[in-house]
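Numbered from 1 within each chain, the chains take letters A, B, ... in sequence-line order.
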Amino acid sequence: MAEQEQGNNIPKVYDPQSFEKKWYKFWEENKFFHTEVDKSKKPYSIVIPPPNVTGQLHMGHALDNTLQDILIRYHRMLGDNTVWVPGCDHAGIATQAKVEGALREEGLSRYDLGRDKFLERVWDWKEKYGSRIMYQLRTLGSSCDWDRQRFTMDEGCSRAVREVFVSLYEKGLIYQGTRITNWCPSCNTAISDIEVEHETEKGHLWHLRYRIEGTDQYVEIATTRPETMFGDTGVAVHPDDERYKDLVGKTLILPVVNRRIPLFADSYVDPQFGTGAVKVTPAHDPNDFEMGLRHHLEQIKVIGNDGTMTKEAGKYAGMDRYECREKLVKELEETGVLVSVEEHEHAVGHCSRCHSTIEPLVSKQWFVKMETLAKPAIEAVRDGRIQFVPERFTKTYINWLENIRDWCISRQLWWGHRIPAWYCDECGETSVSRTDLTKCPHCGSTHIHQDEDVLDTWFSSGLWPFEILGWPEKTAELEHFYPTSTLVTGYDIIFFWVARMVMMGLEFGKDVPFRHVFIHGLVRDSQGRKMSKSLGNGIDPVEVIEKYGADTLRFMLITGNTPGNDMRFYWERVESARNFANKIWNASRYILMNMEGFDKSFKPDDADYTLADRWILSRYNATVRDVTANLDKFELGESGRMIYDFLWSEFCDWYIELTKERLYNKEDARAKNTALYVLSHVLEGTLRLLHPFMPFLTEEIWQKVPHDESCASIMISPWPVSDESAVLAKAETDMTAVMETIKTIRNLRAEVGAAPGKKSEVILNFTAENLRPVFAANGTYLEKLASASVVTLLPAGSAKPENAMAGVVDGVEIYLPLKGLIDVEKETARLQKDLDKLEKEIKRLSGKLNNQGFLTKAPQAVVDGERAKLEGYEAKKQAVEGRIADLAKL
RNA sequence: GGGGUUAUAGCUCAGUUGGUUAGAGUGUCUCGUUGACAUCGAGGAGGUCACAGAUUCGAGUUCUGUUAACCCCACCA
């Protein structure tokens, strides 16, 4: 195919739109993403963090999936039995809220429709928008095995969820309890602790006085939430608090409602805070709830599920909780109950979804007992069966699990996995079952009804790694791909998701769910703010892909930051990545344009290789080695940067330039073919190296470059292997001397403003004779790249030219007889500056080399290296000094 | 209250086990239409690596403390 594609037809500018869709279709149609279990190969598996079914691709997804795709494509090329299982999450609250929002537009609520009709609407919604994000992931280039796509509410997942629920219930790890939970009055459901976001807010501390029954004395209490006083069923003080010692056991009269409540002692109370006396509202505060249990206090619910006051609040009944607070404080003030008001900062919980203030309420909910599940999950990370990358997240994870509290899993929603519990209306028993019940297993009554609530979305997400591999069936996939290899996710869901998967995986999958947890940060806006809808500062990755291409976006996202750290989005960085793509495009174009008629079977002999050839092959193989090593360490950004540097700074800036001589010189076909061979060979290998990062561009070019014809696509071609025998130190040092010399000449010419067209003789004197043959053989490089008219190599010991610009690199002194252009004064000043720098370095190094401690304690290689450096500097210094003396004579 | 991250060029960031004259991208200045690329090339300017100690022959890199910014966790009303 390569020969037919004429280089001349290749567009001058990189245009991703012209090929990205084409290649994705090609890959998908040829089933390159699909994997069957192959036990003869090493498995490599990733399960996608399931995006919300009705969501759409945002920058965080783009980053997360780029990282996964790089790992997947890398391992696929390594020859592993590689699978990336995609799917999405039903996202209970989020999805239900969207559908309810749509209903509201029609003036309806979910209750108007009823449960069944409402769920039909949600499924319709899911069908309509459910595949959008999966198509967006395709535009990013994600090589998921789409044949294995799953959904957290599909049949298999639902079965897994029920199996796990019932099993945990049977083990006593799931229980139902009436206790204080976080209630969101706006979402109208209980939520778990981690769904509550605490924010410090400015509030007040109201001091109120409660009269002691039968006296004119008062006990002063302090509260941040006066409206809860209707539910006060006691006042607590610390048992050792001298101020209240004699009052413990007395009865107080609750103002406004005039209820008799006890004053009791409990060591929970902090005597230092407020007045040392706390009003106790068991139905509305977790601590008060506990105290209430200890002292057998009544629970009086004064705030309802909708955030308004109940009938217990008397005349305030039906009023919003905050309006009530305001009015009540006024009444307390007027009636002399309010003693004083203090400014007070305290943490207030908000719903992570809708941001309403959370109301701690007593209600009956289902909980998972965490302690027994958490322990093995801690162990698995402690003993290294699971490794976090970067490692520091281990601490976050363990610390959370060590202080974990029971997980409230029931939600008062309709969209989700309905809790498989049935209540008998006759005998009152609760039955939990794997199959739907129609009659009570205890009394046989058919008057039973299922629990109305659904499970927390994260309950099913927690089963993801094994449920989508077929559990509870014993599938070949489960056996081969579980535990999965790497989990890629953001640090923001370590608690929500990672920890739960580990616990569930160990309990039901019988092993850890994954070996590595590769954590990344957030993509922020250019000012470092979180991208959000409300701020309107989000950048749509789809827009970036349309404008600049998926490869560009991918490369931009994974370079320029360190694993686990947040990154900022800049359009300038996108452009920079695009420029890189364009650079590759054009370098390839240069090569392809010159390959017309190239005989693919041509293979150079060892003697055909020039210094430049050996050098680029050496650099290429070293790059393959280093990129591979970094990928294995999850240093994806570093790998990308290495390819960038190699391709741009070495391959393009130097090697391609150095081949032009041979390519444009038609006389020596063998030399030309050797250059073409090396060019295409290195390009082809580097494309494979780059493929996981920029899949589309590399495929587009690779198809045109000579390659292993047994591979239909670069994505299923083998990963490059470094040929260590081609990594040649001598080729690298020789070439470095040539490149340094060229740079120095350019430098000198720029110094005097020599016109580019005005060529000059270059005279070289060697302080390291071993470099003489290098320059003797490669003098044309200086002519091409340093505007040398003729290169003269001074015989050893001959006089140095006068009236010439001078520069010096390791082993070589360079003279440019740019007559008439030299400004003696300026030139002397410049050389003096160089000299000062050299002297400073020489002083530093000789100090070091005279230090006995350094000589005896530093490794010999380091000492030798420093000594060689010093010698180099001294040679340079001599040359510069000599040159300054020469100038003085002019 | 506990824990974590960050502090390196104007800006955004690399710098992996301590040892090159501390790097890149971007911006900025000078020059450049030579047959891959102006989405480019050549060259320049620009950093006491937050501060103070400690360890070491040697610290941007390790340790301690300080300061600043950010984040997470946390039931003192």
Side-chain angles (χ1 to χ4, degrees), chain A residues 7 10 12-14 180 193-194 198 205 221-225 228 236 268-270 272-275 277-281 285-290 344 346-347 349 360 392-393 395-396 399-400 403 405 491-492 494-495 521-522 526 528 559-562 564-568 570 572-573 575-594 629-630 633 635 637-638 641 644-645 649 652-653 656-657 660 663-664 743 746-747 749-751 753 755-757 785-786 837-838 840-841 844-845 848 851-859 861-863 865-866 869 873:
Chain A
I10 301 173
K12 207 169 163 179
V13 171
Y14 159 70
I180 293 258
D193 294 337
I194 48 174
H198 295 274
L205 197 55
I221 58 96
T223 180
T224 54
R225 303 174 61 207
T228 61
Y268 160 76
V269 180
D270 174 7
Q272 306 302 317
F273 189 91
T275 61
V278 196
K279 68 192 247 337
V280 180
T281 322
D285 181 281
N287 298 308
D288 293 4
F289 180 80
E290 295 297 324
H344 181 63
H346 62 143
R392 66 170 184 274
F393 292 104
K395 202 167 179 176
T396 317
N399 191 46
W400 185 71
N403 298 296
R405 296 162 64 208
Y491 60 70
D492 50 334
I494 291 176
F495 305 145
L522 271 40
S526 62
T559 47
N561 77 322
T562 328
N565 285 359
D566 291 352
M567 66 178 309
R568 297 189 190 197
Y570 280 92
E572 288 89 337
R573 289 183 10 91
E575 282 177 11
S576 159
R578 188 270 320 267
N579 294 351
F580 176 50
N582 186 62
K583 190 73 182 176
I584 299 165
W585 184 261
N586 275 288
S588 309
R589 198 168 143 254
Y590 162 80
I591 295 167
L592 292 167
M593 273 166 39
N594 284 288
N630 274 289
K633 286 191 294 180
E635 291 281 356
E638 185 65 3
R641 190 193 58 79
Y644 179 100
D645 284 348
S649 314
C652 291
D653 286 353
I656 283 187
E657 293 307 321
K660 286 183 176 171
L663 294 201
Y664 296 142
K743 281 191 202 168
R746 286 170 174 169
N747 220 318
R749 293 177 57 93
E751 206 71 47
L785 301 184
K837 228 186 220 169
L838 283 167
K840 204 177 125 202
E841 282 309 308
R844 190 178 66 83
L845 277 181
K848 205 170 182 180
N851 182 333
Q852 273 309 311
F854 176 68
L855 293 176
T856 54
K857 292 185 183 171
V862 173
V863 177
E866 298 293 279
K869 248 192 281 173
Y873 290 146

Problem - N/O (side chain, Asn561(A)) to phosphate O (OP1/OP2, A14(B)) under 4.0 Å - result: no

Handout entry: Residue pair Asp566(A) / Tyr491(A), side-chain donor-acceptor N/O under 3.5 Å
Key = yes

Practice task
Could you pull out all residues at least two apart from Asn630(A) that satisfy side-chain hydrogen bond (donor to acceptor under 3.5 Å, both in side chains)?
Solution key: none

Practice task
Pick the P atom in C37(B) and in U30(B), then give their distance to the nearest Å.
Solution key: 26 Å

Handout entry: Lys633(A) (side chain) and U16(B) (base): donor-acceptor pair under 3.5 Å
Key = yes

Problem - Nucleotide A38(B), atom C1' - distance to OH of Tyr590(A) in whole Å - result: 19 Å

Handout entry: Range-with-range stems of RNA chain B (Watson-Crick or G-U pairs under 3.5 Å, three or more in a row)
Key = B:1-7 with B:67-73, B:10-13 with B:23-26, B:28-32 with B:40-44, B:50-54 with B:62-66

Problem - Phosphate-side-chain proximity, Tyr873(A) and U21(B), N/O vs OP1/OP2 below 4.0 Å - result: yes

Is there any protein nitrogen or oxygen under 3.5 Å from a nitrogen or oxygen in nucleotides 1-5 of chain B, and what are the pairs?
| unit_1 | atom_1 | unit_2 | atom_2 | d |
| --- | --- | --- | --- | --- |
| G3(B) | O3' | Lys395(A) | NZ | 3.4 |
| G4(B) | OP1 | Lys395(A) | NZ | 2.9 |

Exercise for the section: Check whether more than 12 heavy atoms from other residues, nucleotides or ligands sit under 6.0 Å from atom NZ of Lys837(A), and answer yes or no. Expected result: no

Completion exercise
On a heavy-atom basis, the closest approach of Leu855(A) and Val863(A) is CD2-CG1, 3.8 Å

Completion exercise
Closest non-hydrogen atoms of Ala222(A) and Leu205(A), given as atom of the first, atom of the second and distance, are CB-CG, 3.9 Å

Fill in the blank from the handout: Between CD1 of Ile656(A) and P of C40(B) the distance, given in whole Å, is 14 Å

Practice task
Figure out the CD1/P separation between Ile180(A) and A77(B), and round it to whole Å.
Solution key: 15 Å

Practice task
Please work out if Val269(A) contacts a base, only the sugar-phosphate, or nothing of the nucleic acid, heavy-atom cut-off 4.0 Å.
Solution key: base

Problem - Lys583(A) vs G41(B): side-chain N/O to OP1/OP2 distance below 4.0 Å - result: yes

Problem - Minimum-distance pair of heavy atoms, taken over all atoms of Lys279(A) and Arg225(A) - result: NZ-O, 4.1 Å

Exercise for the section: Classify the nucleic acid contact of Glu575(A) as base, sugar-phosphate or nothing, counting any heavy atom under 4.0 Å across all strands shown. Expected result: nothing

Problem - Separation of atom CG in Asp288(A) from atom P in A77(B), rounded to whole Å - result: 11 Å

Practice task
Would you kindly give the CE-to-C1' distance between Met567(A) and U12(B), to the nearest whole Å?
Solution key: 10 Å

Atom pairs, N/O to N/O, protein against nucleotides 54-58 of chain B, distance under 3.5 Å?
| unit_1 | atom_1 | unit_2 | atom_2 | d |
| --- | --- | --- | --- | --- |
| C57(B) | OP1 | Lys857(A) | NZ | 2.0 |
| C57(B) | O2' | Asn851(A) | ND2 | 2.8 |

Problem - Rounded C1' spacing from U17(B) to C13(B) in Å - result: 23 Å

Completion exercise
note: Phe393(A), atom CZ; C72(B), atom P; distance rounded to Å ~ 12 Å

Exercise for the section: Output the single nucleotide from A77(B), U16(B), U12(B) whose closest atom is nearest the side chain of Arg568(A). Expected result: U12(B)

Completion exercise
In terms of heavy-atom contacts, Ile180(A) and Pro360(A) come closest through CG2-CB, 3.8 Å

Polar atoms only, N or O, under 3.5 Å: list the protein pairs with nucleotides 23-28 of chain B and their distances.
| unit_1 | atom_1 | unit_2 | atom_2 | d |
| --- | --- | --- | --- | --- |
| G25(B) | O2' | Ser576(A) | OG | 3.2 |

Handout entry: Integer angstrom distance from the P of G60(B) to that of U20(B)
Key = 10 Å

Problem - Residues forming a side-chain hydrogen bond (donor to acceptor under 3.5 Å, both in side chains) with Asp645(A), sequence neighbours excluded - result: Arg641(A)

Handout entry: Rounded interatomic separation in angstrom, taking CG from Asn747(A) and P from G43(B)
Key = 7 Å

Handout entry: Distance, rounded to the nearest Å, where Arg844(A) contributes CZ and U21(B) contributes C1'
Key = 7 Å

Practice task
Fit a plane to each ring of Phe580(A) and Tyr644(A), take the angle between them on a 0 to 90° scale, and name the class: parallel (under 30°), tilted (30 to 60°) or perpendicular (over 60°).
Solution key: tilted

Problem - Note, Phe854(A) side chain near Val862(A) side chain (heavy atom, < 4.5 Å) - result: yes

Practice task
Kindly indicate whether the side chain of Trp585(A), heavy atoms from C-beta on, has any atom under 4.5 Å from the side chain of Ile10(A).
Solution key: yes

